[in-house]
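Structure, as structure tokens:
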Amino acid sequence: MTDNPSLAAHPNVEDWIAVRADGGVEVRTGKVEIGQGIDTAVALIVAGELGVPFDQVVMMPVSTGLSPDEGYTAGSSSLEHSGQALGLAAATLRRELLGRASQRLGVDTGDLETRDAMVRSRQTNRTVAFAELVQGAPVTGPVDPRAQRRRGARPGDPEGFEPLHVRRRVTGTLKFVHDLCPAGTLHARIVRPPHYHAVLESLPDDMQTVLGDVRLVRDGSFLAVAHDDEHMTIRGAERLCAAARWRAVRDLDEGPIGQRLLENRRESFPVRGGVARDEPVDMPPPSGAGTIRASYERPYQMHGSLAPSAALAVLNDDRFTVWTHSQGPYPLRGALAEALGCDPASITVMHAPGSGCYGHNGADDAALEAALIARAIPGRPVLLKWSREDEHAWEPYGSAMRMELCARLGRDGMVEAWSHETCSDTHLMRAWPDPERPQAGKFLAPRYRANPLSAPAPAASLGAGGGIHRNATPPYAFPHVQIVKHLVHGLPLRVSALRTLGAFANVFAAESFMDELAHETASDPVAYRHRHLDDSRSIDVLDAAAGRFGWSARPPAGNPDGIGRGIALARYRNAKSFCAVAVEVRVDDDASIRLQRAVIAADAGEIVHADGLAAQLEGGFVQAASWTLLEAVTWDRDGITSRDWQSYPILRFDNIPEIDTVLLDRPGEPYLGAGEAACGPAGAAIANAVFDATGVRARRLPLTPQSLRQAASTG
């Protein structure tokens, strides 16, 4: 038995790995490559386990029916699940190859070694190729979860090593879904209502005459156009948009989102041991002498994919094939089948590269929309591309959140009791196989078809590390801790999974609050954290970040030169990588914030690919810095108003600091997910550095000049 869900679902060697006739090693994984380097890391694991050159590991594209079903590529779990499964599958394969070579060469297995896709006898120097050993008899059967791993193994040709995800994109050997254009392709566009609550009132009777040979696809308020020529499609969409008349069933709700999070109907759940419980919340927050309170807010934020979503679909002989950059080919297939009213076996979903987003952007919606158009025009491949306005105005956003923190301090300044309450909409509106709950309403298109489906009411996630309460449990050894999650209903905007789910905001709040407590007790922020930690690996990353940063104790806050420093710590999901971030900022006279330098220290267990790990941590820092300083979705009664890069600014190259990354390798320890580990500490460290520079504690994101001035005026 194994506690690896991927291996439990796909227990055989042939599910994961096979030796090809040409000597290459074919590898299958259900985790998709969206720029995070999964393919490279997995190929390195397999190359090291088998003793084959990196270039002889062939990573197969993820496709339903061929690849293992590993659900979504999410939650920083790819190496923990797929990497571990493939490491054990490769180790099992290697053991079988050694056994066969032992018989072929007439020597004990202890005398054999693998190198360059061959087995060699140290005693006789005779060799036999992997391909010979499997000819006519491929290695099959159960993966041994106790197979002896070659810890620390590396590929045989490190000098020629190039990351797969970089090589394929630079050389053009892997096409983006936007560029897929098989013979006979129709280019398609969607024409959308002004906002969520508008429906189509009318089209001109002569609409097809207006469109000419541009095909019109209509199903209720779902409108699309298609043509062989992409330019003609775009022109047709413009004509259709100008001609369509829409009726607002109701306006889009307005008002301060922080207030709505407090006042709307909610379901409340205590969290114990990281798991939300369906039980009454029976403990009030700490009170009495030495009690300190603070609240923090995060706005709606979008994925901000640099290229809008796209998909290619074709219907031939009642079978759909869909190419998509979705992060979950198998869950998407099930949801597509429900929405299209067909058997999942009649749909093949193939992953193709697209604009990565680390979360649930428009990719799944684009896949269904392409399939709906393909069903209306069977036999022709349909390439649907969203516009920039589509992506900004219609993707599911990251949920707005409000965090209420409270602590009671003893006379020695130590935390005696800690309370963290988070109010938020759901973070989990992706389609997911669930026979008890229909999934099709989670897509956009069914809401506008002739027989519309309403969006399903969100359900609370009660598992460990669920959306709202992810990382609400602190990493510190406080004597008394109370965590409560509040699922708030009736909020105005469409939401789902954005990178880290609730962890970014929860860590921003908790680590900002720890900084406030350190300031309240006149303690150094690093020393104050130390006093509350009892986990050696957390202490190690905190010390590594502070040491590389050159942290030294000094009085905090309000420096006349506008230069400030901040630090923050978290263990992502309280179960994955340990990470600490230290930041130096400069706050100018106009209240604009410039990032000067940053240090990231992380412990992700045994390191497979150091450069890839560092890149993920640094990318997480940059994205979190953008959330912290700039990003907020805006809207009014008539719809989303942040529909381009001017109205929804993101961090630009001129404000990316020098980043120094320290990796703590733990050979022999399990791989720990790291893709999202830096995000929460990055946001908190920046906010803490701003306080150190100005003496202003800004608790509402983003930290724009306007929000800083408002925080300064309100205290």
Side-chain angles (χ1 to χ4, degrees), residues 74-77 271 274 294 296-299 301 358-359 398-403 405 418 420 422 424 427 464-476 483 485 497-516 525 529 533 535 537-538 541-542 545 566-583 595 598-604 616-629 631 651 659 661 672-691 698-703:
S76 295
S77 297
V271 178
Y296 305 82
E297 289 184 21
R298 176 199 188 171
Q301 294 178 319
Y358 303 130
S399 301
M401 299 174 66
R402 182 181 175 98
M403 288 67 59
L405 277 292
W418 174 279
H420 182 137
T422 299
S424 175
H427 295 255
I468 294 172
H469 64 281
R470 183 169 294 182
N471 273 99
T473 300
Y476 303 101
I483 311 296
K485 67 178 291 179
L498 176 61
R499 192 179 197 181
T500 80
L501 307 188
F504 167 73
N506 282 324
V507 175
F508 157 70
E511 285 296 287
S512 293
F513 195 52
M514 277 296 285
D515 219 60
E516 296 200 41
R529 286 170 170 80
L533 285 170
D535 178 80
R537 293 174 77 169
S538 293
V541 294
L542 179 63
I567 199 163
L569 166 74
R571 184 181 185 189
Y572 183 56
R573 296 186 70 168
N574 298 99
K576 298 184 184 292
S577 288
F578 303 81
C579 185
V581 175
V583 176
L595 303 177
V599 171
I600 304 168
D603 171 358
Q616 279 295 286
L617 293 164
E618 292 162 11
F621 174 93
V622 171
Q623 185 171 27
S626 187
W627 293 337
T628 303
L629 298 179
E631 298 186 36
L651 195 71
I659 303 176
T661 302
L672 297 177
E676 298 161 300
C679 297
I686 292 169
N688 293 338
V690 169
F691 171 74
R699 302 185 182 94
R700 180 179 295 169
L701 297 179
L703 306 182

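Note: hydrogens, waters and symmetry copies are ignored here, and every other heavy atom, side chains too, is used.
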Note to self: With side chain to side chain contact (heavy atoms under 4.5 Å, CB included) as the criterion, how do Asn506 and Met401 come out once you've worked through the C-alpha distance, each side chain's angles and the decisive distance to 0.1 Å?
What the structure shows: CA-CA 9 Å; Asn506 282 324; Met401 299 174 66; 4.1 Å; yes

Next item on the list: Please step through side chain to side chain contact (heavy atoms under 4.5 Å, CB included) for the pair Met403 and Thr422, ending with a clear verdict.
Entry: CA-CA 4 Å; Met403 288 67 59; Thr422 299; 3.7 Å; yes

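Centroid-to-centroid, the aromatic rings of Trp418 and Phe513 come within less than 6.0 Å.
Within the 4.5 Å cutoff, the side chain of Ser76 has no heavy atoms near those of the Thr500 side chain. Counting heavy atoms from C-beta on, the side chains of Arg571 and Leu672 come closer than 4.5 Å. With contacts defined as side-chain heavy-atom distances shorter than 4.5 Å, the pair Pro299/Glu631 does not qualify.
When atom types are taken as modelled, the side chain of His469 and the backbone of Gly274 share a donor-acceptor pair closer than 3.5 angstrom. With Arg700 contributing its side chain and Tyr296 its backbone, the two residues share no donor-acceptor pair below 3.5 Å. The closest donor-acceptor contact from the side chain of Asp603 to the backbone of Ser538 lies at 3.5 Å or more, if one exists at all.
Distance check, rounded to the nearest 0.5 Å: CG of Asp515 to CD1 of Ile567 gives 9.5 Å. Between the CD atom in Gln623 and the OH atom in Tyr358 there is a gap of 8.0 Å [rounded to 0.5 Å]. To the nearest 0.5 angstrom, Ile468 atom CD1 is 14.0 Å from Ile483 atom CD1.
Glu618 meets the side chain to side chain contact (heavy atoms under 4.5 Å, CB included) test with Ile600, Ala614, Ile659, Thr661; sequence neighbours excluded. Remark: Phe504 engages Trp627 in a ring pair (Phe, Tyr, Trp, His ring centres under 6.0 Å) (not counting sequence neighbours). Applying the salt bridge (Lys or Arg N to Asp or Glu O under 4.0 Å) test to Arg470 and every residue at least two apart in sequence or in another chain returns nothing. Judged as a side-chain hydrogen bond (donor to acceptor under 3.5 Å, both in side chains), and not counting sequence neighbours, the contacts of Gln301 are Arg298. Taking Glu511 as the reference, Arg529 meet the salt bridge (Lys or Arg N to Asp or Glu O under 4.0 Å) condition, with sequence neighbours excluded.
For the residue pair Thr473 and Asn574, the shortest heavy atom distance occurs at O-ND2, 3.0 Å. Taking every heavy atom of both residues into account, Glu676 and Tyr572 meet most closely at OE1-OH, 3.0 Å. Heavy-atom minimum distance, Ala678 versus Leu617: CB-O, 3.5 Å. Residues Leu703 and Ala698 approach most closely at CD2-CB, 3.5 Å, considering heavy atoms. Taking each heavy atom of Arg499 and Gly675 in turn, the nearest pair found is NH2-O, 2.5 Å.
With hydrogens and angles left out, the side-chain atoms of Lys576 and Ser77 include a donor and acceptor closer than 3.5 Å.
Residue Thr628 is tested with Leu701, Val690, Leu651 for a side chain to side chain contact (heavy atoms under 4.5 Å, CB included); the sole match is Leu701. Residue Val541 forms a side chain to side chain contact (heavy atoms under 4.5 Å, CB included) with just one option from Leu569, Asp535, Val581, and that option is Leu569.
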Between side-chain atoms of residues 679-687 and protein atoms elsewhere (two or more places apart, or another chain), which donor-acceptor pairs fall under 3.5 Å?
none

